S.K.: 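What follows is a structure written as structure tokens; I'll ask about it next.
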Amino acid sequence: MDARLKAAAGLVPRCGCVADIGADHALLSIYLVKMGIARRVIAADVKKLPLETGRLNVLEEGVADSVELRLSFGFENFKPGEFDAAVIAGMGGETIAEILQSAPFRLDMPLVLQPMTRCDRLLSFLNAEGLSVKRHIAAPSAGRIYHVLRVERGGVAGCDPLFEIVGGLDLTEPNAFKLMDKKLKVLRSTAESLKNIEGKRAEYLHVSELCRLLGERLASVKTQI
């Protein structure tokens, strides 16, 4: 299992049962059980083939009594009260937001989210839905740095103008700083591409302001790293 998934596992609370959404080959599910983080895991994926590979992995690792594999898009084939925490990892931030929004029941448990892309869209959704970021780390893995979040329902909506970009990251942590420094470069490139496009003035001004604010924040913490 790669460092990205291990970082996600590190934010899962010890509990009775975890829903592993987007379980792929069930590597995270197996790890959660073998490390004693969860007594039981329901490993769900929308595709049959990864689940079949996951089934073989579960049998090989001797945890078939503790890991159930289930075909499901998000939580559509789950029932309330079946699990105490959930992990949604390895997919785009917009897809994670769609899964959370389409859940057939209220998710009132800790959620560990690991978006591969568009964390900004996910953070915006979380803020609008009253899901508070309790932990947010930047996890290096295979030459990249990934967002990993633990969120729970409740709390006050974030009023930080950079929340959709920074979320709850501690920018004095070197990996978080590197991740946001790269994001700043992307934002600057986006602003430059919008600069002279007719009808994109408002979007250009918004992105330019994000660039200014993020640049100032990174400059203010650079000496602390």
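Because the structure is a prediction, the values reported are computed rather than measured.
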S.K.: Keeping the roles fixed (side chain from Arg70, backbone from Asn77), state whether a donor-acceptor pair exists under 3.5 Å.
M.R.: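 Checking the backbone N and O of Asn77 against the side chain of Arg70, a donor-acceptor pair under 3.5 Å is found.
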
S.K.: Please say yes or no: joined through hydrophobic side-chain contacts below 4.5 Å, possibly via intermediate residues, are Val151 and Phe163 part of one cluster?
M.R.: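 Shared cluster, yes.
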
S.K.: Are the side chain of Asp84 and the backbone N or O of Gly16 linked by a donor-acceptor pair below 3.5 Å?
M.R.: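 Yes; judged by distance alone, with no hydrogens or angles, the pair exists.
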
S.K.: For residues 13-30, which residue pairs pass the salt bridge (charged side-chain N to carboxylate O under 4.0 Å, His left out) check, not counting sequence neighbours?
M.R.: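 Salt bridge (charged side-chain N to carboxylate O under 4.0 Å, His left out) check on residues 13-30 returns no pairs.
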
S.K.: With hydrophobic residues grouped by side-chain heavy-atom distances under 4.5 Å, do Leu107 and Val133 end up in a single group?
M.R.: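 Yes.
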
S.K.: Report yes if the side chains of Cys17 and Ile42 come closer than 4.5 Å at any heavy-atom pair, otherwise no.
M.R.: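 Yes, close enough: below the 4.5 Å cut-off.
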
S.K.: Applying a strict under-4.5 Å side-chain criterion to I, L, V, M, F, W and Y, I'd like to know whether Val112 and Ile21 cluster together.
M.R.: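 Different clusters: Val112 never reaches Ile21 through Ile, Leu, Val, Met, Phe, Trp or Tyr contacts under 4.5 Å.
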
S.K.: Between Glu94 and Arg121, does a salt bridge (Lys or Arg N to Asp or Glu O under 4.0 Å) hold up when you go through it step by step?
M.R.: CA-CA 6 Å; Glu94 291 169 311; Arg121 296 289 180 87; 2.4 Å; yes

S.K.: Quick check: closest heavy atoms across Arg153 and Glu129, and the distance to 0.1 Å?
M.R.: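 Nearest heavy atoms, Arg153 then Glu129: NH1-O, 3.3 Å.
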
S.K.: Glu82 and Lys79: salt bridge (Lys or Arg N to Asp or Glu O under 4.0 Å), yes or no, with the steps?
M.R.: CA-CA 6 Å; Glu82 277 195 287; Lys79 296 178 181 178; over 6 Å; no

S.K.: Evaluate Arg188 against Glu192 for salt bridge (Lys or Arg N to Asp or Glu O under 4.0 Å), listing each step before the verdict.
M.R.: CA-CA 6 Å; Arg188 284 172 172 164; Glu192 189 61 29; over 6 Å; no

S.K.: Going only through I, L, V, M, F, W and Y residues with side-chain contacts under 4.5 Å, is there a path from Leu56 to Val67?
M.R.: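 No: no chain of side-chain contacts under 4.5 Å links Leu56 to Val67.
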
S.K.: Please say whether more than 12 non-hydrogen atoms of neighbouring residues, nucleotides or ligands are located less than 6.0 Å from CG in Asp108.
M.R.: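 Counting other residues, nucleotides and ligands, CG of Asp108 exceeds 12 neighbours.
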
S.K.: Roughly how far apart are His136 NE2 and Leu123 CG, rounded to 0.5 Å?
M.R.: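 With rounding to 0.5 Å, NE2 (His136) is 6.0 Å from CG (Leu123).
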
S.K.: With a 3.5 Å distance limit and no angle check, can you tell me whether Ser220 reaches the backbone of Arg217 through a side-chain donor-acceptor pair?
M.R.: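 Pair found, side chain donor or acceptor close to backbone of Arg217.
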
S.K.: Hey, can you tell me if Phe105 and Phe83 have their rings parallel, tilted or perpendicular (30° and 60° cut-offs)?
M.R.: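 The rings of Phe105 and Phe83 sit tilted, inter-plane angle from 30° to 60°.
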
S.K.: Which atoms form the tightest heavy-atom contact between Val18 and Ala38, and what is the distance?
M.R.: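 What the structure gives for the nearest pair is CG2-CB, 3.7 Å.
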
S.K.: A side-chain contact here means heavy atoms from C-beta on lying under 4.5 Å apart; do Glu152 and Pro110 qualify?
M.R.: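 Yes, side chains in contact.
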
S.K.: Show the nearest heavy-atom pair for residues Pro50 and Asp45, with the distance to one decimal.
M.R.: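 The pair with the smallest heavy-atom distance is CG-OD1, 4.3 Å.
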
S.K.: Test side-chain contact (heavy atoms from CB on, under 4.5 Å) on Val41 and Val63; report intermediate values, then the result.
M.R.: CA-CA 10 Å; Val41 178; Val63 293; over 6 Å; no

S.K.: side-chain contact (heavy atoms from CB on, under 4.5 Å) between Ile88 and Leu100: does it pass, once the steps are laid out?
M.R.: CA-CA 9 Å; Ile88 311 176; Leu100 293 173; 3.7 Å; yes

S.K.: Taking it one step at a time, do Leu171 and Val166 satisfy side-chain contact (heavy atoms from CB on, under 4.5 Å)?
M.R.: CA-CA 8 Å; Leu171 295 184; Val166 177; 4.2 Å; yes

S.K.: Are the side chains of Asp120 and Lys183 in touch, meaning some heavy atoms are under 4.5 Å apart?
M.R.: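 In short, these two side chains touch, coming nearer than 4.5 Å.
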
S.K.: Find out whether Leu28 and Val12 are in side-chain contact, i.e. whether some heavy atom of one side chain is under 4.5 Å from a heavy atom of the other.
M.R.: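 Answer no - side chains too far apart.
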
S.K.: Run the side-chain contact (heavy atoms from CB on, under 4.5 Å) check on Lys222 and Phe177 step by step: do they pass?
M.R.: CA-CA 8 Å; Lys222 192 171 184 178; Phe177 186 93; 4.1 Å; yes

S.K.: Ignoring hydrogens, what is the shortest heavy-atom contact between Thr117 and Gly92? Give both atom names and the distance.
M.R.: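 Heavy atoms only, the tightest pair is OG1-CA, 3.5 Å.
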
S.K.: Give the minimum heavy-atom separation between Leu51 and Ala43, together with the two atoms involved.
M.R.: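 The answer is CD2-O, 3.8 Å.
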
S.K.: Kindly say whether Phe73 contributes a backbone atom to a donor-acceptor pair with the side chain of Glu76 at under 3.5 angstrom?
M.R.: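 Confirmed, Glu76 side chain pairs with Phe73 backbone.
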
S.K.: Has Lys134 got more than 12 heavy atoms of other residues, nucleotides or ligands less than 6.0 Å from its NZ?
M.R.: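 Atom NZ in Lys134 is crowded, with more than 12 foreign heavy atoms closer than 6.0 Å.
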
S.K.: Rounded at 0.5 Å granularity, tell me how far CD1 in Ile96 sits from CZ in Phe125.
M.R.: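 Reported to 0.5 Å precision, the distance equals 11.0 Å.
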
S.K.: Report, as yes or no, whether the 6.0 Å neighbourhood of atom CZ on Arg212 holds more than 12 heavy atoms from other residues, nucleotides or ligands.
M.R.: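 Count over threshold, so yes.
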
S.K.: Report yes if the side chains of Met116 and Arg4 come closer than 4.5 Å at any heavy-atom pair, otherwise no.
M.R.: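 Sidechains of Arg4 and Met116: in contact.
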
S.K.: With a 4.5 Å limit on heavy-atom distance, are the side chains of Asp2 and Leu27 in contact?
M.R.: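 Result no, sub-4.5 Å side-chain heavy-atom pair not found.
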
S.K.: Side chain of Asn57, backbone of His25: donor and acceptor closer than 3.5 Å?
M.R.: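 Yes, the answer is positive, given that a donor and an acceptor are paired below the 3.5 Å cut-off.
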
S.K.: Strictly distance-based, threshold 3.5 Å: is any side-chain N or O of Gln114 a donor or acceptor partner for the main-chain N or O of Gly90?
M.R.: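 At least one qualifying donor-acceptor pair exists.
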
S.K.: Using side-chain heavy atoms (C-beta onward) and a distance below 4.5 Å, is Ile99 in contact with Met91?
M.R.: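 Yes; the side chains approach each other to less than 4.5 Å.
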
S.K.: Output the distance between atom CZ (Arg201) and atom NZ (Lys195), rounded to the nearest 0.5 Å.
M.R.: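 Rounded to the nearest 0.5 Å, the CZ-NZ separation comes to 9.5 Å.
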
S.K.: Give me the atom names and distance for the closest heavy-atom approach of Gly215 to Leu184.
M.R.: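 Where Gly215 meets Leu184 most closely, the heavy atoms are CA-CD2, 3.9 Å.
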
S.K.: Is Leu11 linked to Tyr31 within one hydrophobic cluster, defined over Ile, Leu, Val, Met, Phe, Trp and Tyr using a side-chain heavy-atom separation of less than 4.5 Å?
M.R.: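 Yes, Leu11 connects to Tyr31 through the hydrophobic network.
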
S.K.: What I'd like to find out is whether the side chain of Pro115 reaches to under 4.5 Å of the side chain of Leu149, using heavy atoms alone.
M.R.: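 Side chain of Pro115 against side chain of Leu149, heavy atoms only: contact under 4.5 Å found.
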
